[in-house]
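A, B, ... follow the sequence lines: proteins, then strands. Residue 1 opens every chain.
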Amino acid sequence: MIELKNVCKNYGLTPALTDVSFSVEKGQIVGFVGPNGAGKSTAMKIITTYTAPTSGTCMVGGYDVMKDPLSVRRMIGYLPETVPLYYDMLVHEYLEFIGQARHLNGKFKQRYDWVVEAAGLAPVLNRKIGVLSKGYKQRTCLAQALIHDPEILILDEPTSGLDPLQIIGIRNLIRNLSRDKTIILSTHILTEVSTVSDRILVVNEGRLVADGSFDDLIQQVTKRNSVYISVKGTKKDFQSAINKIKGAEEIEFDENTPRGVVGGHIYFPSKTDILPDLNHVIRENKWDIVEFSRERLSLEESFIRLTRSSGQEGGTA
Amino acid sequence: MNDVAIILKRELKQYFYSPIAYVFCIIFIVLNASIYMFHFFFFGNADMRAFFSTLPLILGLIFIPAISMRLWSEDYKLGTVELLLTLPIRTEAIVLGKYLAGLIFYLVGLAGTLTIPILLVFLGKPDIGPMIGGYFGAIMLGGFFLAVGIFISGFFSDQIVSLIITSLACGFLVLVGWQYVPMVIDGWIPGLGSFLYSYVGVTRHFNDIERGVIDIKSIIYFISLTALFIYLNAKALERRKY
């Protein structure tokens, strides 16, 4: 449905995208993840024909974005990051304008009713857009992207500025739409991509650094796992006992334990499991456990690692 | 509905949403009428020559830049340019719709000055021909300035900057068409002043029409330049993609 091949985009001398290639199948929901300024919006602007790639090609639904932009635009519903609204218009006037510009004609009434219901706009239809809250502005703009029942939806940070309840609402809306639609959404809220999308593309500094399902990506970044344990005893005993465990690669001592208590993070490769051995050591030494926990990388940490591991120093996180 | 008409309708509404447009309309009418009334009472002639001699400067410096400044600059500021240029409508149709909305608003303002010829008809026996010619010329001239204005507005996201640059550009076009200004320029660089007067200045063409000499050359001059700037505006917006 969407296919980018070796797309580069420079703004003046600054490269925004460098050699990006990927394709999205019909019906897929793809999450675009990356720090601010990574090139997510630029890629979306190219797909929606708003900007042209400096080199490379982008095909949408079989049409080239450069050669046949109008056919591409007809297929796409686009929610830009800037939330473009005419602040002097009433909500229903704005939707009517979009309906006309999208050539809905006879289908307008039905689509309008649907989109007002779906985006929850009924209470504000006769209000000026300029006085709406950020959440309603965002939803008005989302309604604009949905009104013509597009095959492809490009949503640039669709849930920014919404409260948690509205975020869940939008997420459910996206999930319900998804059965027959191709969706690309960008975000830096990671729980969002992991709950909504089938596939995640991570972009950093204009390059595609990872592509896969959420679990794939987590595996890619977590080469080793760790446990935290603290017990009553001395540092020397603790260290010598842990060193006997096969697979324990490194101990990072916790300096903030109370007197008489020793503890630390024990790292081991993610393929091996040290828990049986650790249990054995604990029983052998008759340790009194103060604290024990298995550590998992949070989504945020894995995200930071992914963007760091692309080989760039001092990335903007 | 036709694409051009869809854009036109929305843009025209936008003019009437904002108070700035009304303010400029009133200033335009009051300024024109008051300058004219001075001549009217002083000389007591039942013609509109004084009106049409100051009109190009008022149009070029204030009124047209005030109408055209928002046409693209406002969309850049609101981000709605991204919405417009991803709608399934050709860029040319959007430009034309916006231009025509500005033109209609200008015509509304210009219609506000019709009180003067109506007054003259009641008070004396004016020669109707030059008045009709004058208004026809004003439409041509305003239409041309508006095309320059929308073209300039396409480059700036700040309405005030668009207003000032358009004002400078139109003011220049008017001034080099006045007889004294080219003479002074000729004094500095011989030939430049007369060149500007005959090929760039807009006043000469306007004066021809206003005098009732509806010369086909002047009409072609205005229409072709208007079309050129509208075309350039669409091209510049397409270029912006790269």
Side-chain angles (χ1 to χ4, degrees), chain A residues 9-12 41 44-55 60 63 65-66 68-90 93-94 96-105 108 128-130 137 140-141 144-145 147-148 150 154 156, chain B residues 1-23 69-98 100-101 105 154-155 157-159 234-242:
Chain A
K9 173 75 188 175
N10 302 335
Y11 290 117
S41 295
M44 291 184 150
K45 282 177 179 154
I46 288 171
I47 296 168
T48 55
T49 77
Y50 180 64
T51 42
T54 310
S55 66
V60 177
Y63 300 104
V65 292
M66 295 303 296
D68 199 353
L70 289 190
S71 304
V72 172
R73 291 176 196 173
R74 254 174 232 125
M75 302 172 79
I76 289 181
Y78 178 35
L79 170 69
E81 194 185 6
T82 49
V83 192
L85 296 164
Y86 288 107
Y87 287 2
D88 290 319
M89 288 179 114
L90 306 180
E93 285 177 333
Y94 178 75
E96 277 154 19
F97 165 64
I98 299 294
Q100 287 168 357
R102 291 272 179 195
H103 311 116
L104 289 182
N105 304 327
F108 177 75
K128 241 189 190 189
I129 292 175
K137 279 183 189 148
T140 307
C141 206
Q144 164 274 127
I147 198 160
H148 53 296
I154 309 288
D156 203 347
Chain B
M1 219 196 304
N2 181 324
D3 287 345
V4 176
I6 292 163
I7 300 292
L8 186 152
K9 202 176 115 195
R10 205 214 72 77
E11 292 289 330
L12 196 58
K13 264 196 204 162
Q14 188 74 32
Y15 275 115
F16 291 98
Y17 287 133
S18 96
I20 303 169
Y22 290 102
V23 171
M69 65 177 183
R70 57 157 290 276
L71 285 171
W72 283 110
S73 302
E74 190 179 42
D75 281 298
Y76 285 132
K77 205 69 349 126
L78 289 173
T80 39
V81 62
E82 202 163 344
L83 177 81
L84 288 178
L85 296 183
T86 53
L87 287 173
I89 296 181
R90 291 165 57 90
T91 312
E92 290 85 346
I94 297 174
V95 172
L96 200 59
K98 278 175 172 282
L100 291 175
F105 187 77
F155 292 102
S157 61
D158 192 314
Q159 295 198 27
K235 279 289 147 222
L237 287 163
E238 290 286 327
R239 267 311 294 171
R240 180 208 45 83
K241 278 183 166 187
Y242 295 92

_For a 4.5 angstrom cut-off between non-hydrogen side-chain atoms, does Phe97(A) reach Ile7(B)?_
yes
*Find out whether Tyr86(A) and Asp75(B) are in side-chain contact, i.e. whether some heavy atom of one side chain is under 4.5 Å from a heavy atom of the other.*
yes
*For Glu81(A), is it the side chain, the backbone, both, or neither that has a heavy atom closer than 4.5 Å to a heavy atom of chain B?*
neither
*asked:* Let me confirm one number: the CG-OG1 distance from Leu85(B) to Thr51(A), rounded to the nearest 0.5 Å.
replied: 11.0 Å
*Atom CZ of Phe108(A) with >12 non-hydrogen neighbours under 6.0 angstrom*: yes
*CG-CD distance between Asp3(B) and Gln100(A), expressed to the nearest 0.5 angstrom*: 10.5 Å
*With chain A as the partner chain, list the residues of residues 88-97 of chain B whose heavy atoms fall under 4.5 Å from it, by residue number, and write 'none' if nothing qualifies.*
Pro88(B), Ile89(B), Arg90(B)
*Heavy-atom pairs under 4.5 Å with chain B are the metric here; pick the option from Ala101(A), Ala145(A), Ser71(A), Pro69(A) that has the most.*
Ala101(A)
*Supply the atom-to-atom distance Leu79(A) CG to Leu83(B) CG, rounded to the nearest 0.5 angstrom.*
10.5 Å
*Contacting moiety of Thr54(A), where chain B heavy atoms sit under 4.5 Å*: neither
*How close do Arg102(A) and Leu87(B) get, heavy atom to heavy atom, and via which atoms?*
NE-CD2, 3.9 Å
*Below 4.5 Å from any heavy atom of chain A, which atoms of Tyr17(B) appear? Answer side chain, backbone, both or neither.*
side chain
*Which bit of Met66(A) is near chain B, if near means a heavy-atom gap under 4.5 Å: side chain, backbone, both or neither?*
side chain
*Check whether NZ of the Lys or CZ of the Arg Arg10(B) lies under 6.0 Å from the centre of the six-membered ring of Tyr94(A) and within 45 degrees of that ring's axis.*
no
*With a 4.5 angstrom heavy-atom cut-off, which part of Tyr78(A) approaches chain B: side chain, backbone, both or neither?*
side chain
*Measure the shortest side-chain to side-chain distance between Glu82(B) and Lys45(A) over non-hydrogen atoms and say whether it is less than 4.5 angstrom.*
yes
*Only counting residues at least two apart or in another chain, list the ones meeting salt bridge (Lys or Arg N to Asp or Glu O under 4.0 Å) with Arg73(A).*
none
*Measure the OG1-NZ distance between Thr82(A) and Lys77(B) for me, rounded to the nearest 0.5 Å.*
13.5 Å
*With a 4.5 angstrom heavy-atom cut-off, which part of Leu85(A) approaches chain B: side chain, backbone, both or neither?*
backbone
